[in-house]
Structures are given as structure tokens and as C-alpha cells.
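Everything below concerns the one structure shown next.
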Number of protein chains: 2
Amino acid sequence: MINNLIGHINSTINNKLTEDDIRLISEIFHAKKLRKHQYLIQSGDVCKIAAFVVKGALKKYTIDATGKENILELYIENWWAGDKESFMIGTPTPYYIDAYEDSELLVISKDDFTNKLSNLSFITELNNVLTERQSFQLMKRLHSSQTLTAEQKYEQLQDTYPEFFQRFPQHIIASYLGMTKETLSRIRKATAKK
Amino acid sequence: MINNLIGHINSTINNKLTEDDIRLISEIFHAKKLRKHQYLIQSGDVCKIAAFVVKGALKKYTIDATGKENILELYIENWWAGDKESFMIGTPTPYYIDAYEDSELLVISKDDFTNKLSNLSFITELNNVLTERQSFQLMKRLHSSQTLTAEQKYEQLQDTYPEFFQRFPQHIIASYLGMTKETLSRIRKATAKK
DNA sequence: TAAAAACGTTGATCCAGATCAACGTTTTTT
DNA sequence: AAAAAACGTTGATCTGGATCAACGTTTTTA
């Protein structure tokens, strides 16, 4: 399990992890299994963990006044799940994150992060690279959200994250794209013909 | 001029800038004036500068096939203008940034950033804090874009950045919010009564 | 293995917000 | 000072995608 995380870090930062780094990571991250439908965090919680997805699939969403889920992020293998703002600043999260498949995670607590990792150079580099990437992606998603038609959003997702279509049902993809399942169904029917 | 930038940095990072830091900043950043309607960057450019707004107002946008502007970000005093992804990675920017008011900027070149600043601890801290903030804001804006009605978007902007309404005309605000100027005009009329 | 969820599709209808158009006012340019 | 942009408003109309509803199929649960 830990090798997935090591590989992920090594492929993200410039210098490879040392034996000591790897030993430390192995000690501090601990495995956590989530069954389908189990929550990782719930709205109102302060998010005290960051979770690396070794296996499985999760979704992050809010629930509005009518009970409707609005999905903001989808996570599969080698993604980080959590609410970074809540984790970093300590504010309550507005999000739910739950497992859509049975999942295996590697979790680090806020305490361990702060006390044992936050000063290590490989961690700051990892954190900076991932935050920057996240920010670039969000800028593109915001622009898409405001300018593309439903069909264009669908096509863009097929180009950027085709894996999602293998891992999540259509109603979840639809919500992630900011449209209804009916609209996505109609678009798929229409584009299949082309 | 430079004092605005010094003040901004000091209020963003934990430790205050030293005399040496301030001297270096004063040497490396240079003043640039933009007249109303002048471009800071244009689509297709590689963005080789980062600009701190000392005075004025700018907008960042794309232009679609029909010639319509889609505004993604608005900048006023003490904001950073530029395309960070293009600046950092060297890819061509899809955005235009131009001055909506005559503006005074403090600009740093990519070369100077890389060679003279990027290893300084106050710069990495500044960069990390700003990137993280940016990312948190974008997440909220994406969520708002996908879940709020036009009226709710308007009210949220009044709460978060009321200054914008003093500095930009309604058609620019409307585009920033992802709606037409007519819709914004009708919303304002309706909410004024309440 | 039967019942119940979850999922995907299709049709009918509705509506928030876009589009198109015209016009008055204010600001900028010459 | 006149002409031209830029700006904001209002009305009429249109439409992309939402909503509501029903139904068949697949998967999960008891």
C-alpha cells in the first residue's frame, strides 16, 4: 500500500525520497478502509485528516436545502481526498466526502502533519506542487462552468478524465458537471450517433 | 509605490521583511503604467511577468468565437495580475488582461523571479500562501457557479467584494458573475425594492 | 430468489436566464 | 460644442436545460 504513496510522491517532487523519508512516511500514515457509502468527512466537521486514495473511489459534495447532492470533486486511485481549507485553517467544512466504492486510504492526522511532517522539505514541495496544480485546474473548471454548453462540458470531461466514466455512474458524473442526469443521458444519446 | 508592495508582503507572510529584502525588492520590481484599455497580456503570449497592482483596475478574460468577453478575474489595488500557470510553466496563456482604469503596476520579470527571488524564503512563503488562498477561493467560486441562482450570485458578490461595484461597470460585473448585463440589471431593480 | 434499491432512458412541460432590439443618459473623444 | 462611444434599462421573445413523471433494466440486499 505504502508503495503507491511513495511512488506518487516521487513522481511529483524533484528529488527522490530517502530511506529515512520512506521510513517516516510508513510510520506516520496509517491505513483506513471505507465501505461503500461510508463518510470520510461530513459537513460541519473540522477536517483533521488528509487521505491518499490507494484503492477505490470517493466523491465530495454539498447537500442543498432540497436534499440534492452537488458534487464538486471525484477521487480515484492516487488522488488526495479531504477539504484542504478546513484541514489547514481549522474552519468547519461545508462538504461531505464518502466512498462510492469500497476504498483503501492512507491517512495522516492534522497533528502528525503539523508536528512531524510540515517542516520537511519534501512535504512542503509536495504540498506546493499539488496546491498549484489544484489551483490551475480549478481556474479551468470555473471557466468551463461559466462558458461551455452542457455538451461541451461532457466532451471536455471525456478528454481530461475519461477514467471517471468507467468508475462512476452517470448521475454522479452529471452532478460533477453541473447538469442533471436527464440532460447527460440525452447528450450521450445524441453524441453517440456522430 | 514600493511601500504598497512591502506592506502587502508583510501583511501576508509571518516574519517581517528585512532591510535587505526591501532593498532587493526595490531593485527588482519596476514600475509600469497602463492606460485604460491597454493590454498587460494577450491570448497566445507566454506570460513572462507578474504584476502587483498599486493603483487602478484590470480585468482578465477570454474572447469566444462570437467576440464575447468572458471575464474570469477582476483586479484592483493590492491584487496580483497575471496568468500564474503560463508564468510558472511557460505555456501560452488563453487570457487577455487589460486595464479598465489607468493603472500603476509593480512588475517582475520571469527571469528575475527565477534567478533572483525564487530561492528566498519570504518569496516561497508569499507564493505558497497566495496560491493556497487562490485555490480556496476558486473552489468556492466553482461551487457558486454550479449551484447558485443569478440573484444569489449577485448577493454573494456584494458580500465578498463590494468594492467591485464601485470600480467596474455593471456589464463587467455581470460577465464576471457568468450572466448577461440585462439579467444583472433586472436583478438589481428587483432587489433594490426589498 | 424475491424484494428493493440504484441506475438509465424517454416523453411532456416548464422556466430562469439568454437573446434581440430599441432608447435615454452619461462619459469620452475630437 | 458636437459627435461618438460607453453604459444602463426595459420590453418582447426564445431556448437550453431543469423539472416532473413513468418505466425498463441491472445490481444489491434481505
Whole angstrom is fine here: how far is it from [atom1] in [X] over to [atom2] in [N]?
{"X": "E182(A)", "N": "dG16(D)", "atom1": "CD", "atom2": "P", "value": "18 Å"}
{"X": "K36(B)", "N": "dA6(D)", "atom1": "NZ", "atom2": "P", "value": "9 Å"}
{"X": "E69(B)", "N": "dA6(D)", "atom1": "CD", "atom2": "P", "value": "11 Å"}
{"X": "I172(A)", "N": "dC7(C)", "atom1": "CD1", "atom2": "P", "value": "6 Å"}
{"X": "L184(A)", "N": "dG16(D)", "atom1": "CG", "atom2": "C1'", "value": "15 Å"}
{"X": "R188(B)", "N": "dC7(D)", "atom1": "CZ", "atom2": "C1'", "value": "13 Å"}
{"X": "I173(B)", "N": "dC7(D)", "atom1": "CD1", "atom2": "P", "value": "12 Å"}
{"X": "E101(A)", "N": "dA6(C)", "atom1": "CD", "atom2": "P", "value": "16 Å"}

Look at [X] and [N] and indicate whether a side-chain polar atom (N or O) is within less than 4.0 Å of OP1 or OP2.
{"X": "K189(A)", "N": "dT10(C)", "value": "yes"}
{"X": "Q170(A)", "N": "dT9(C)", "value": "yes"}
{"X": "T180(B)", "N": "dA18(C)", "value": "yes"}
{"X": "H171(B)", "N": "dG8(D)", "value": "yes"}
{"X": "Y100(B)", "N": "dC7(D)", "value": "yes"}
{"X": "T183(B)", "N": "dA18(C)", "value": "yes"}

Exercise for the section: Report yes or no: is there a donor-acceptor pair, N or O only, under 3.5 Å between the side chain of R186(B) and the base of dG11(D)? Expected result: yes

Handout entry: Cation over ring face, K36(A) and Y100(A), 6.0 Å, 45°
Key = yes

Problem - 5' precedence on DNA chain D between M179(A) and S185(B) (nearest-nucleotide basis) - result: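 The residue whose closest nucleotide sits nearer the 5' end is S185(B).
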
Donor + acceptor pair across side chains of [X], [Y] (<3.5 Å):
{"X": "S86(A)", "Y": "T93(A)", "answer": "no"}
{"X": "S175(B)", "Y": "E69(B)", "answer": "no"}
{"X": "D21(A)", "Y": "T18(A)", "answer": "yes"}

Problem - Proximal nucleotide (of dC7(C), dT9(C), dG17(C)) relative to the K181(A) side chain - result: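 Between dC7(C), dT9(C), dG17(C), the one nearest the side chain of K181(A) would be dT9(C).
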
Exercise for the section: Using heavy atoms to find the nearest nucleotide of DNA chain C for A150(B) and H37(B) separately, return the residue whose nucleotide is more 5′. Expected result: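 The answer here is A150(B).
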
Problem - Pairing nucleotide - dC23(D), Watson-Crick or G-U, each distance under 3.5 Å - result: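 dG8(C) is the nucleotide pairing with dC23(D).
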
Exercise for the section: If the plane angle is over 60° it's perpendicular, under 30° parallel, otherwise tilted; pick one for F52(A) and H8(A). Expected result: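 F52(A) vs H8(A) ring planes: tilted.
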
